[in-house]
Amino acid sequence: MTQAPAAVINKNLSSLKNSISCFTTRTRTSTTSKPIHKLFTHKTFQETRPNNNQQPTSKNPHPRTQQQNLISLIKSGTQNSLLQIHAHLIRTSLLQNPTFSLHFLSCLCFSPFRDLRYSRHFFSQIDKPSASHYSTLIRAYSSSNSPKDAFFLYKEMTQKGLKPDPVSSSFVLKSCMKFSSLVCGLQIHGRILGDGFQSDSLLLTTLMDFYSSFASRDEACKVFDEISKKDTVAWNVLISCYLRNGRTRDVLILFDSMKNEGACKPDDVTCLLVVQACANLGALDFGEKVHGYIEECGYGVSLNLRNSLIAMYSRCGCLEKAYGVFKGMPEKNVISWSAMISGLAMNGYGRDAILAFEEMQRMGIVPDEQTFTGVLSACSHCGLVDEGMEFLHQMSKEFGIEPNIHHYGCMVDLLGRAGLLDQAYQVIISMGVKPDATIWRTLLGACRIHGHVTLGERVIEHLIELKAQEAGDYVLLLNIYSSDGKWEKVTELRKFMKEKGIQTTPGCSTIELKGVVHNFIVDDISHPRKHEIYDKLDEINKQLKIAGYVAEITSELHDLGAEEKAHALSYHSEKLALAFGVLATPPGTTIRVTKNLRICVDCHNFAKFLSGVYNRKCSFEFRVE
DNA sequence: TTAGGGTTAG
């Protein structure tokens with residue numbers, strides 16, 4: 001219904017006053033074409049019980065039959081017929097009959113032409129709305145763009161002393177998630193306990209999801225513990241909570257315990273979440289294990305699972321497997337193609353990514369926002385400045401997609417890497433989207449590569465303005481100064497950082513072997529095989545020196561003597577991880593190291609020499625958990 | 001006195 005409901009009703013009411021008697025029905029379920037007034041009368045509908053003394057005749061049908069007729073009329077009502085029925089309900093006072101008004105309200109709320117304003121108007125005409133009336137409207141509001149109204153209705157009904165049912169409580173909780181109000185949700189939690197719904201596992205599952213969406217992991221876990229019969233969905237919500245709230249490693253443990261303890265069999269959704277966790281961790285072995293499980297259970301047909309497998313393999317640096325999954329898909333949608341394009345781009349196959357983009361369009365798949373993010377990042381990885389500009393233009397002109405912060409971020413990266421720092425700065429200044437810390441940091445990284453001191457300082461000011469400056473940003477600026485030989489500035493900044501208590505995040509490298517994740521920090525001595533690792537590292541250093549490796553000591557640690565620098569560099573976390581990799585894998589293996597910080601130039605060289613001397617392929621992934 | 005609920009892809 002597109003017209004204003006009140007006006008429509010009034011107009012229809014006046015025209016219907018005279019015409020309702022000649023209104024005939026033609027509905028989907030009712031085959032009758034009798035005039036509506038012959039199907040039911042005012043008198044009979046005020047009675048809700050059939051009068052047994054009255055013999056039904058063809059002229060005067062049984063009241064119950066008449067009731068059923070009206071209900072089926074309402075249920076199958078079209079936009080116009082509902083307006084007429086509404087008028088009839090008012091005229092005959094049947095609107096105050098709880099059964100009819102409830103049927104009518106549900107129809108208004110959930111029919112294909114539903115109109116919430118009209119539903120609300122109708123609701124206001126009911127003298128004494130029941131809990132069911134409230135529930136119906138609450139449900140409608142919870143899936144609308146005014147979810148707050150669901151909460152207000154819930155409050156109103158409880159204040160009137162009406163008891164909500166578990167289903168409407170669940171809908172209201174979902175509404176609170178939508179309008180992001182923890183406080184409102186907490187009130188509902190209290191009420192749920194008061195209403196005695198604490199054993200309703202579906203409702204508690206919604207409650208877990210509610211807490212999870214507000215990063216209240218502990219609360220979500222408490223609710224999980226309270227669920228007496230935990231089914232797969234409850235486990236899935238718990239897993240999704242861990243995934244959302246940065247406890248990614250525990251997701252793998254939860255998956256194993258579901259599988260091994262056999263209490264609840266992981267389903268396709270579980271696998272989807274675990275595959276995402278593997279992608280975040282770069283845990284290739286575990287990801288492959290889950291992939292195997294997916295095939296074993298026959299979940300492999302699911303499009304969304306295959307799409308996340310493509311993303312997982314790509315993010316773990318295993319492009320062949322990503323492509324294998326992609327190729328084996330009988331049907332591919334825009335998400336499959338975008339995942340493959342991004343995968344190619346992030347693994348350094350920028351030109352192939354662009355070819356895939358062209359192939360996708362030949363197949364008739366229309367690209368979306370995220371496809372272009374992949375394409376633009378492909379350009380930035382290959383240094384294709386002109387092509388990137390062209391794609392950005394094509395995106396808005398041909399596909400009507402306005403560039404978002406990610407697209408601009410790619411452009412800044414592209415221009416920045418190419419050394420066009422001023423142009424990159426101009427993009428941020430004039431992009432018409434509020435710059436975030438990430439985009440400034442991208443530019444700061446480019447300043448570091450090209451040693452651009454003044455712009456670097458300006459970028460830090462912008463980050464400070466956003467109150468988003470992190471220790472890592474100052475470290476980048478330190479590196480910019482030192483690469484330019486500005487030692488006084490270095491000392492000054494160091495002093496400033498010390499005074500402000502700015503602590504740098506320790507670099508942490510991660511390596512996954514046989515499904516077990518091993519972490520290393522600089523000079524780490526916590527690993528059970530630390531002695532072997534340090535011995536191996538000494539040996540590797542000697543071997544690499546013979547092969548021509550020289551420690552790169554120019555910019556990272558300027559204020560130490562050359563020998564001290566070389567020593568400090570030798571125990572960087574990535575070197576410890578690599579040494580462990582050499583120790584624990586046979587030649588020919590790919591050693592995949594994940595880092596929370598960018599890898600330094602020296603470790604990069606170290607890895608390059610190591611691959612040749614020890615016959616291992618080394619790959620690094622930069623990942624923040 | 002109706003039907004209705006929870007997790008999920010790039």
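By convention in this document, chain letters (A, B, ...) are assigned in the order of the sequence lines, proteins followed by strands, and residues within each chain are numbered from 1. Model, not experiment: these values are computed from the prediction. For the numbers below, each heavy atom of this structure counts, side chains included, while hydrogens, waters and symmetry mates do not.
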Student: Scan side-chain atoms only and decide if A:H86 and A:Q125 contain a donor-acceptor pair under the 3.5 Å cut-off.
Tutor: yes

Student: Look at the side chain of A:S240 and the base of B:dT7, then say whether one donor and one acceptor between them are separated by less than 3.5 Å.
Tutor: no

Student: Heavy atoms only, 4.0 Å cut-off, all strands: where does A:V237 land among base, sugar-phosphate and nothing?
Tutor: sugar-phosphate

Student: Please name the pair of heavy atoms, one in A:V290 and one in A:V275, separated by the smallest distance, quoted to 0.1 Å.
Tutor: CG1-CG2, 3.9 Å

Student: Rounding to an integer number of Å, can you tell me how far A:R139 CZ sits from B:dG6 P?
Tutor: 9 Å

Student: Check this for me: does the side-chain of A:T206 come within 3.5 Å of the base of B:dG6 through a donor and an acceptor?
Tutor: no

Student: Quick check: any donor-acceptor pair below 3.5 Å linking the side-chain of A:N304 to the base of B:dG10?
Tutor: no

Student: Can you tell whether the side chains of A:D209 and A:R244 come within less than 4.0 Å, N to carboxylate O?
Tutor: yes

Student: Mind calculating the distance between CD1 (A:I227) and C1' (B:dT7) to the nearest angstrom?
Tutor: 12 Å

Student: Tell me: CG of A:L102 to P of B:dT1, nearest whole Å?
Tutor: 10 Å

Student: What residue pairs, at least two apart or across chains, pass salt bridge (Lys or Arg N to Asp or Glu O under 4.0 Å) with a residue in residues 357-372 of chain A?
Tutor: A:E359-A:R362

Student: Taking atom types as modelled, find out whether A:H381 and A:Y349 have a side-chain donor-acceptor pair closer than 3.5 angstrom.
Tutor: no

Student: Any side-chain N or O of A:Q276 under 4.0 Å from OP1/OP2 of B:dG10?
Tutor: yes

Student: How is A:L203 classified with respect to the nucleic acid when contacts are heavy atoms under 4.0 Å: base, sugar-phosphate, or nothing?
Tutor: base

Student: How close or far is atom C1' of B:dT2 from atom CG of A:L137, stated in whole angstroms?
Tutor: 15 Å

Student: Give the nucleotide from the list B:dG6, B:dG4, B:dT8 with an atom nearest to the side chain of A:S135.
Tutor: B:dG4

Student: Check every atom of B:dG6, B:dG10, B:dT7 against the side chain of A:T371 and return the nucleotide holding the closest atom.
Tutor: B:dG10

Student: Please enumerate all residues that pass salt bridge (charged side-chain N to carboxylate O under 4.0 Å, His left out) together with A:K332, with sequence neighbours excluded.
Tutor: none

Student: Mind checking if A:V334 touches a base, just sugar-phosphate, or nothing, with heavy atoms under 4.0 Å?
Tutor: base

Student: Give the nucleotide from the list B:dG6, B:dT2, B:dA9 with an atom nearest to the side chain of A:T136.
Tutor: B:dT2

Student: Could you tell me the separation between the OH atom of A:Y134 and the P atom of B:dT2, rounded to a whole number of Å?
Tutor: 21 Å

Student: I'd like to know if the side chain of A:S130 pairs up with that of A:H133 as donor and acceptor (distance under 3.5 Å, no hydrogens or angles considered).
Tutor: yes

Student: Nearest whole angstrom, please: distance from the P of B:dT2 to the CZ of A:R114.
Tutor: 22 Å

Student: Select base, sugar-phosphate, or nothing to describe what A:D268 touches, counting heavy atoms under 4.0 Å on all strands.
Tutor: nothing

Student: Rounded to the nearest Å, what distance is computed from the CZ atom of residue A:F110 to the P atom of nucleotide B:dG4?
Tutor: 10 Å

Student: Rounded to the nearest 0.5 Å, what separation is found between the OG1 atom of A:T205 and the CG atom of A:L173?
Tutor: 11.5 Å

Student: In residues 154-175 of chain A, what residues come within less than 4.0 Å of DNA chain B, judged by heavy atoms?
Tutor: A:D165, A:P166, A:V167, A:F171, A:K174

Student: Rounded to the Å, how far apart are A:I239 CD1 and B:dT7 C1'?
Tutor: 10 Å

Student: Can you figure out which of B:dT7, B:dT2, B:dA9 approaches the side chain of A:N236 most closely?
Tutor: B:dT7

Student: Of all the nucleotides listed (B:dG6, B:dT8, B:dA9), which has the minimum atom distance to the side chain of A:L273?
Tutor: B:dT8

Student: Between B:dG10, B:dG5, B:dA9, which nucleotide gets closest to the side-chain atoms of A:A339?
Tutor: B:dG10

Student: Considering only B:dT1, B:dA9, B:dG6, which nucleotide approaches the side chain of A:T99 most closely?
Tutor: B:dT1

Student: Can A:K289 and A:D256 be counted as an ion pair, charged N to O under 4.0 angstrom?
Tutor: yes

Student: Return the nearest nucleotide to the side chain of A:V269; candidates are B:dT7, B:dG10, B:dG5.
Tutor: B:dT7

